[in-house]
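Keep in mind the model is a prediction, meaning the values are calculated, not measured. First listed ligand is number 1; within each ligand, the first listed atom is number 1. The figures that follow rest on heavy atoms only: side chains count, while hydrogens, waters and symmetry mates do not.
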Amino acid sequence: MKISVVGCGYLGAVHAASLVELGHQVVGVDVDERKVGALCQARSPFYEPGFQDLLEHSLASGRLSFTTDVGDAAGARVHFVCVGTPQKHGEYGADLQFVQAAAESLLPVLEAGELVAGKSTVPVGTAARLADMFGDKVPGALLAWNPEFLREGFAVRDTLHPDRLVYGLPSGADGDTARALLDEVYAPIVARGTPKVETDYATAEMVKTAANSFLATKISFINAMAELCEATGADVKLLADAIGYDDRIGRKFLDAGLGFGGGCLPKDIRAFMARAGELGADQALAFLREVDNINMRRRIRMVELAREVCDGSLLGKRVAVLGAAFKPDSDDIRDSPALNVAAQLQLQGAVVRVTDPAAGDNIRRSWPQLDVVDSAEEAAERADAVLVLTEWKQYKELDPTSFGRIVKQKRVLDGRNALDRDTWTAAGWSYRALGRRAG
Ligand code: UGA
């Protein structure tokens, strides 16, 4: 099937290449010439494990192309909308200008019987509005909402092996046509028996924001427990293990630490609250404000902890920050808790050196005031404290004995509860972490 994918960021580029893997012919459209240029030359514009290989493979098949000209989307039977919905400046709501622009850009190429399938995370009610627009301008064109649940770092796997498919469909015969087209797009995935939920637009839109809100709530729950552990001397890691054995609770997303960041969870819970307010249902989501508060408090607590271990003052103290991406296996620094802490430490007078295996260039571009170095060893040279703020594998595997020879003071702060406390303390380090006793 010929398919177009409008928006070639983390979501769209991976989706486009994955659709080729599923047997289709795909054109990826983006307004960003640099991004399109890189993709055409088989260079991934972002760090995502497995994507570079997938991109090369898909391009080599001759069935994948990228363009800035939406005219090339003509003739596609399905057009996926994969553009971003960032938080509006100075407000909680989602900025829908890119979704609107993408949808409008398709109007000249769209024909009756073709399907526009939205994948972007949007406030509930957006799909119905877009369906009205398409209905007015291109009679016979169809719209479905087909949310995406991929995680950065696992984007390729999550796209090719999703744990469920959600189709938000129009009613009646249009719904049958849209379903048939999506089933054809995802044929190998459907054939595997992947669970499929078919529903209306509003439910499909809400599935996505509800899922991300639940995940954010789970993380903030364990981080609230971490605050209590700090007050009582209990250990949040063991607490999470113990409650996680109950499979009604589950251990996943119960890793206490610096909390959630990135381009999705923080802005999605805020956009959800804003939309609930517009709908007169703000009380229903009032708890998400607390989820957000707990999350932001962890960053402040980390800075306090750093001050504490630096004998009460950060002024002139050399602090090494290991990890700056919002999570490991990503170069994404959007709303990164690690970078937030690094910047606060620097503003409070510390001499901060940041390093990250993948995000270095992004930090240099967006945070030129931070000193970014290429290795953990360079960052830690004569450091008064070492902060591990993103749990990259290479930091978890550091040898505390040899690493201890580089620093001035063997003080480590484990912002992600990712290091083996006993190994570090045995090597003479003082170990501090959020929600756990000092070691
Ligand atoms: C999230 C969702 O997990 C995806 O299902 C969704 O498709 C995506 O948003 C999206 O809306 O596009 P992602 O932002 O890639 O995916 O990252 P997560 O793996 O959810 O992690 C989010 C943040 O939570 C990270 O900063 C991570 O370090 C933090 N986290 C995660 C914790 O602090 N503790 C945990 O136990 C788990």
Out of Arg334, Glu391, Arg416, Lys327, whose heavy atom sits nearest atom 13 (P) of ligand 1? Lys327
Proximal candidate to atom 20 (O) of ligand 1 [heavy atom criterion; set Phe326, Phe260, Phe253]: Phe253
Option with minimal heavy-atom separation from atom 9 (O) of ligand 1, where the choices are Gly262, Cys264, Pro328: Cys264
Are the aromatic ring centres of Phe51 and Tyr10 under 6.0 angstrom apart? no
A cation-pi test, strictly: NZ or CZ of Arg164 under 6.0 Å from the centre of the six-membered ring of Phe149 and no more than 45 degrees from its axis. Yes or no? yes
Is it the side chain, the backbone, both or neither of Asp268 that has a heavy atom closer than 4.0 Å to ligand 1? side chain
Considering heavy atoms of the protein only, find what lies nearest to atom 16 (O) of ligand 1 and give residue, atom and distance to 0.1 Å. Arg151 CA, 3.9 Å
Element-labelled atoms of ligand 1 that are located less than 4.0 Å from some non-hydrogen atom of Leu254: 36 (O)
Ligand 1 to Glu152, heavy atom cutoff 4.0 Å, flagged ligand atoms 15 (O)
Side-chain (Glu205) to main-chain (Ala127) donor-acceptor, under 3.5 angstrom: yes
Check: Asn146 side chain, Ala117 main-chain N or O, donor-acceptor pair, under 3.5 Å: no
Provide the number and element of each atom of ligand 1 under 4.0 Å from a heavy atom of Glu148. 7 (O)
With distance as the sole test, does Lys119 use its side chain to make a donor-acceptor pair with the main-chain N or O of Val81 at under 3.5 Å? no
So, is Leu150 polar-close to ligand 1, with some N/O to N/O distance under 3.5 Å? yes
Which ligand 1 atoms, with their elements, are less than 4.0 angstrom from a heavy-atom of Leu265? 1 (C), 9 (O), 22 (C)
Starting at CG of Asp158, measure out to CD of Glu152 and round the result to the nearest 0.5 Å. 11.0 Å
Are any of the N or O atoms of Thr121 closer than 3.5 Å to those of ligand 1? no
For Phe154, does the six-membered ring have the charged nitrogen or CZ of Arg151 within the cation-pi criterion, i.e. under 6.0 angstrom from the centroid and within 45° of the normal? yes
